[in-house]
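Counting convention: from 1, in listed order, for ligands and their atoms alike. Computed from a prediction, not measured in an experiment: that's the story for all the values here.
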Amino acid sequence: MNKQPILNVGIMKSTHIEFILETGYRVGTNMIPQGNYTIELRKGKMILQGQSFLTISEEEIKLLPIFRTNSFVLKDVTIGIDFHWEQKEDQRFTGGIRFFIDQDAIQVINTIHLEDYLKSVISSEMSATSSVELLKAHAVISRSWLIAQINKKKEIAGRHSGFDSQTDTDLEHIRWYDREDHHSFDVCADDHCQRYHGITKIISSTATGAVDDTIGEVLKSQQEICDARFSKCCGGVSENFENNWEPLHKSYLVAVADKEPLGTSPNLNLTQEPLAREWILSSPKAFCNTTDEKILSQVLPSFDQKTSDFFRWTIQYSQEELSSLLKKKSGIDFGSILRLEPVERGPSGRIIRLRIVGNQHSLIVGKELEIRKWLSDSHLYSSCFVVNYEEIEDGIPGKFIIRGAGWGHGSGLCQIGAAVMGEKGFTYDQILKHYFQGARLERIY
Ligand SMILES: [Zn+2]
Ligand SMILES: [Zn+2]
């Protein structure tokens, strides 16, 4: 059996950080006692000090736990960065801490055993009222995804060419966001990777039990550990991997109709505009087509519950709002916006490439997350939408009605759909095999 990996989680970056060691730690061979500490960046040096401890470094300071359960509290960690619920809170962590200088700030890393990290992630992402099968499914995909990311990082480090996630021409701006953004740690603590708010929220023995029950269990497709993705709500059909991220086909991340019979391809071709429009404007049968608050509360932590209209949603912009928003987000002055035209849709109906037509400039933008960023102050729920134009004067719309489906990229497991499946009595392996085509479960440590 292999040993479980230790993860490097990027928690925060600042020039001044306050923290509390709840137990003694070790720095090299020196003991550092429990108590309050600050670490500051001054003239290119990190100065870490407490009541009876001072150390200065230009490179890296590592605080090692004496026992695996040793813990510390970081003050004022920002959570929900760029989301409507962005806020600051104190967070408690177990394991070690690393500090190093990264672009004029101190980067804080938590070094933690993968299974300990998972318990926290499952507790943060899910509610304690979730069904056991849903929690076990989540534990397996989070574990698979993490190990796949660590493996991929090693593979990229071996490549000389680096990694490209953006192409720009005069006509097109295509960008995707994956965790290649992180060079100095494995995962970040925010929704970009997996929401990780330390151990403050480990209150659920069901969540920790689900991790223990599935210890070392991952999803595999042939010999590969699955890069198992998930999002809040697929909208009825899940999306192919390559339409959201790098152009690689993954046989286990392909479109699935989120309903019974399990694991079947969609019977509607939503890449076709008329069919996509009809689909988005309807309320089709799907596991994730639910308004059951008891089920929704399982996957939406309290600060997300304000928003329950994600299976089908509507937003409106005036001409002025949309043109200034696009100018702010893209840095391009399109003039008055005339049309938002889908150029390419994926099998879930998500727009992969969108042509923005203004009276001064036109450009195609992609992929889904870039579209969502450009069309909202934070993030549009999804890129699966259709646009209606109203109050048209001299060919210029005064109002844009955007109607959409789903929340998130829609690849892999649909959290709302999986919660409904759990309530219906499906087991975690049935849930996983439904969303990840041809994948199997295997214990690797
Ligand atoms: Zn990240
Ligand atoms: Zn779904």
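- The Zn ion (ligand 2) lies at the vertex of an angle of 120° between the SG atom of C234 and the SG atom of C414 (rounded to 10°).
- In this structure, SG of C188 and SG of C193 enclose an angle of 110° at the Zn ion (ligand 1), rounded to 10°.
- Considering just the N/O/S atoms of D258, the one nearest the Zn ion (ligand 2) carries the name OD2.
- Cation-pi geometry between K373 and Y177 is satisfied (NZ or CZ under 6.0 Å from the ring centre, within 45° of the ring normal).
- Stacking of R312 on the aromatic ring of W279 is recorded, both the 6.0 Å distance cut-off and the 45° axial limit being met.
- Distance check for C288 against the Zn ion (ligand 2): an N/O/S atom falls below 2.8 Å.
- For the pair K367 and W176, the cation-pi criterion (under 6.0 Å, within 45° of the ring axis) is fulfilled.
- Geometrically, K259 does not engage F287 in a cation-pi contact, judged by NZ or CZ lying under 6.0 Å from the ring centre and within 45° of the ring axis.
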